[in-house]
Amino acid sequence: MPRRLLFYTDAHGGGGAEITFDRLARAFAAAGDSVIFAADRRGATHGPGSPGLRHLALGPGHLRSTLHLARLLRRERPDVSFSALGAQNLKHLCAALLAGRRRRCVLGVHGFAEAEPRRFAHAFYRLAPMAAGLAAATVCVSDALLADMKRGWGGRRLCRIHNPVPEAPHHRKERAEPGLVLALGRFDPVKRYPDLVAAFALMPDHTRLAILGDGPQRPAIEDEVGRLGLAGRVALPGFVDDPSSWYARAACVVIASESESFGLTAAEALSHGVPVVTTDCGGPPEVLAGWLIALMVWLI
C-alpha cells in the first residue's frame, strides 16, 4: 500500500540537507509512494521530475510558513513527516503540535550546534531536549553527530541514519585530469576555503584547484586568491547542480572544514572512485572509515 510522506526543509535544493531530502523524496516517489516536498522557498531542484512527487513553497516568514505547514499536515495527514535543519525542525514540531501530528513527526539533525550562526535556527538546539521528547524520533546523519547530540540531549528517541548517495554515473578512469584538486560546498566560514587556498599555494605549479559553490565568503576567497597570485590556478565556477562531471575529472577531493556533520562530498567522491583528503572534522573521517571497512570485507 502506498505511503503518504512529507519532507520539509529550507529550500528545494541547495546545501547538503536539501540535496539529501530531494534524493529521498524522489526515491520514495519512484517506489510508488505519494510524496510532498515542502520548503520555505523555491530553489534549484536536483534531477528530473518524478510522478507522485509534489513540490510546494510555503513562503517567507517563520510564522506564516509554520501555519501553512500546520494546515498542510492537517489536510494531507501524511503517515510520516520529516524535516531537516534547525529552524525547520523547530517550525515542523510546532506545526505538528498544532495539527495534532507530533507522533508522526521526525526531526533531522544535519549539523553541529556550534556551526549554526543563525539565531532562530540555534534556538532549536537550546530546546532540543524538549523537542526530542515531543517528536516521534530524531535522526542524526553520523555517529559523530549522534554522540554530540547525546551529550547535550541525553538519549531520547535518537538514532543515526547516514545520508544516501546515488551510484556514480560516470567512469572516472576515462576522464580524470592529473593535478585537478576539487572542493565543494557552500562558501561559509566553517568550510575554511581561504585556508584551503593558502595551503594550495604550496602545491606544485602544474596543479589546479576548483571550488564549487557560492555564499557569503566568496569575497574573502577571491581576496586570498588574488593576494597569493593564484588567479590562473584557482577557479570558482559557482554552484553546480550536478557535480558528477567534476568528480569524474578530479585527481582528488579535499575537505578543509572546521566541522562537518556527515560529509556528503566525501561520500559522493568515494562513490566516483576519487581519493579524499579531509581534516578531522566529524563526519568525513567516519565516511572514509566505513568505506575502508567495506573494502576489507569485500577483499576477504
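Hydrogens, waters and symmetry mates are skipped; everything else that's a heavy atom, side chains included, is used. Each residue takes its place number in the sequence, starting with 1.
- Of all non-hydrogen atoms in Ser259 and Phe112, the two that sit nearest each other are CB-CD1, 4.0 Å.
- Of the possible polar contacts, one joining the Asp33 side chain to the Arg3 backbone as a donor-acceptor pair under 3.5 Å is found.
- The cluster map of Ile, Leu, Val, Met, Phe, Trp and Tyr, joined by side-chain heavy atoms under 4.5 Å apart, puts Phe124 and Val141 in the same cluster.
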Item checked: Derivation of the side-chain contact (heavy atoms from CB on, under 4.5 Å) call for Leu6 and Val35 -> CA-CA 6 Å; Leu6 184 144; Val35 183; over 6 Å; no
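- Closest heavy-atom contact between His55 and Asp22: NE2-OD1, 3.9 Å.
- Checked for salt-bridge contact, Asp223 and Arg227 miss the test: no charged N lies under 4.0 Å from a carboxylate O.
- Closest approach of Gly263 and Pro284 over heavy atoms only: CA-CG, 3.9 Å.
- You'll find the side chain of Glu18 reaches within 4.5 Å of the side chain of Leu85, heavy atoms only.
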Item checked: side-chain contact (heavy atoms from CB on, under 4.5 Å) between Leu93 and Cys105, intermediate numbers included -> CA-CA 7 Å; Leu93 181 58; Cys105 163; 4.3 Å; yes
Next item on the list: Could you walk me through whether Met149 and Thr138 pass the side-chain contact (heavy atoms from CB on, under 4.5 Å) test, one step at a time?
Entry: CA-CA 10 Å; Met149 294 297 104; Thr138 300; over 6 Å; no
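- Linking Ile, Leu, Val, Met, Phe, Trp and Tyr residues whenever their side-chain heavy atoms come within less than 4.5 Å places Leu228 and Leu236 in a single cluster.
- For the pair Arg104/Val80, no side-chain contact is recorded, criterion being any heavy-atom separation below 4.5 Å from C-beta on.
- One N or O on the side chain of Arg101 and one on the backbone of Pro78 form a donor-acceptor pair closer than 3.5 Å.
- Rounding to the nearest 0.5 angstrom, the gap separating the OG1 atom in Thr278 from the CD atom in Glu260 is 7.5 Å.
- To the nearest 0.5 Å, atoms CG (Leu145) and CZ (Arg160) are separated by 11.0 Å.
- Below 30°, between 30° and 60°, or above 60°: for Phe187 and Tyr193 the angle between ring planes is above 60°, a perpendicular geometry.
- Between Thr20 and Pro164 the shortest side-chain heavy-atom distance falls below 4.5 Å.
- Looking at every heavy atom in both residues, Leu98 comes nearest to Arg74 through O-NH2, 3.2 Å.
- Connection of Tyr8 to Leu56 is established within a shared hydrophobic cluster, with ILVMFWY side chains joined at heavy-atom distances below 4.5 Å, either directly or through further cluster members.
- Put simply, the side chain of Leu5 does not reach to within 4.5 Å of the side chain of Ser34, judged on heavy atoms.
- Residues Cys281 and Glu258 form no side-chain contact, since every pair of their non-hydrogen atoms from C-beta on lies 4.5 Å or further apart.
- Judged by distance alone, with hydrogens and angles left aside, the side-chain atoms of Arg4 form a donor-acceptor pair with the main-chain N or O of Arg77 at under 3.5 Å.
- When atom types are taken as modelled, the side chain of Asn89 and the backbone of Gly108 share a donor-acceptor pair closer than 3.5 angstrom.
- Lys91 contributes atom NZ, which lies 7.5 Å from atom CG of Leu58 (distance to the nearest 0.5 angstrom).
- Checked by atom type, the side-chain pair Asp40/Gln88 shows a donor-acceptor distance below 3.5 Å.
- Side-chain contact check for Arg186 versus Asp214: every heavy-atom pair is 4.5 Å or farther apart.
- The backbone N or O of Leu146 sits nowhere less than 3.5 Å from a side-chain atom of Arg151 that would complete a donor-acceptor pair.
- Both Val253 and Trp246 belong to a single network of hydrophobic side chains, linked directly or stepwise wherever heavy atoms of I, L, V, M, F, W or Y lie under 4.5 Å apart.
- For the atom pair NE2 (His272) and OG (Ser245), the distance works out to 8.5 Å, reported to the nearest 0.5 Å.
- Of the possible polar contacts, one joining the Asp242 side chain to the Ser244 backbone as a donor-acceptor pair under 3.5 Å is found.
- The backbone N or O of Ser257 lies less than 3.5 Å from a partner atom in the side chain of Thr279, making a donor-acceptor pair.
- Remark: side-chain polar atoms of Ser261 are paired, donor with acceptor, to backbone N or O of His110 under 3.5 angstrom.
- Between Phe82 and Phe21, a ring centre-to-centre spacing not shorter than 6.0 Å is recorded.
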Next item on the list: Using the side-chain contact (heavy atoms from CB on, under 4.5 Å) rule, take Ile255 and Val277 through it: C-alpha gap first, then chi angles, then the decisive distance, then the call.
Entry: CA-CA 6 Å; Ile255 299 170; Val277 179; over 6 Å; no
Checklist line | Steps toward side-chain hydrogen bond (donor to acceptor under 3.5 Å, both in side chains) verdict (Ser142, His162) | finding: CA-CA 6 Å; Ser142 68; His162 286 139; over 6 Å; no
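- Here the shortest heavy-atom pairing between Leu196 and Ala256 reads CB-CB, 4.1 Å.
- Distance alone, capped at 3.5 Å, is enough to place a donor-acceptor pair between the Glu286 side chain and the Asp143 backbone.
- Between Pro189 and Gln217, some side-chain heavy-atom pair lies under the 4.5 Å cut-off.
- To the nearest 0.5 Å, atom CZ of residue Phe7 and atom CZ of residue Phe28 are 5.0 Å apart.
- Under 4.0 Å is where a charged nitrogen must lie from a carboxylate oxygen, and between Glu268 and Arg23 at least one such pair does.
- Follow the hydrophobic side-chain contacts under 4.5 Å out from Leu264 and you reach Val109 in the same cluster.
- Summarising the geometry of Ala17 relative to Ala84, their closest heavy-atom pair is CB-CB, 4.2 Å, with the distance given to 0.1 Å.
- Atom NE2 of His68 is separated from atom CG of Leu73 by 10.5 Å, given to the nearest 0.5 angstrom.
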Can you list, pair by pair, the side-chain donor-acceptor contacts under 3.5 Å of residues 200-212, counting residues two or more places apart and other chains?
residue	atom	partner	partner atom	Å
Thr207	OG1	Pro204	O	2.6
Thr207	OG1	Arg233	NH2	2.9
Arg208	NH2	Glu177	OE1	2.7

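- Arg75 pairs by the side-chain contact (heavy atoms from CB on, under 4.5 Å) definition with Leu72, not counting sequence neighbours.
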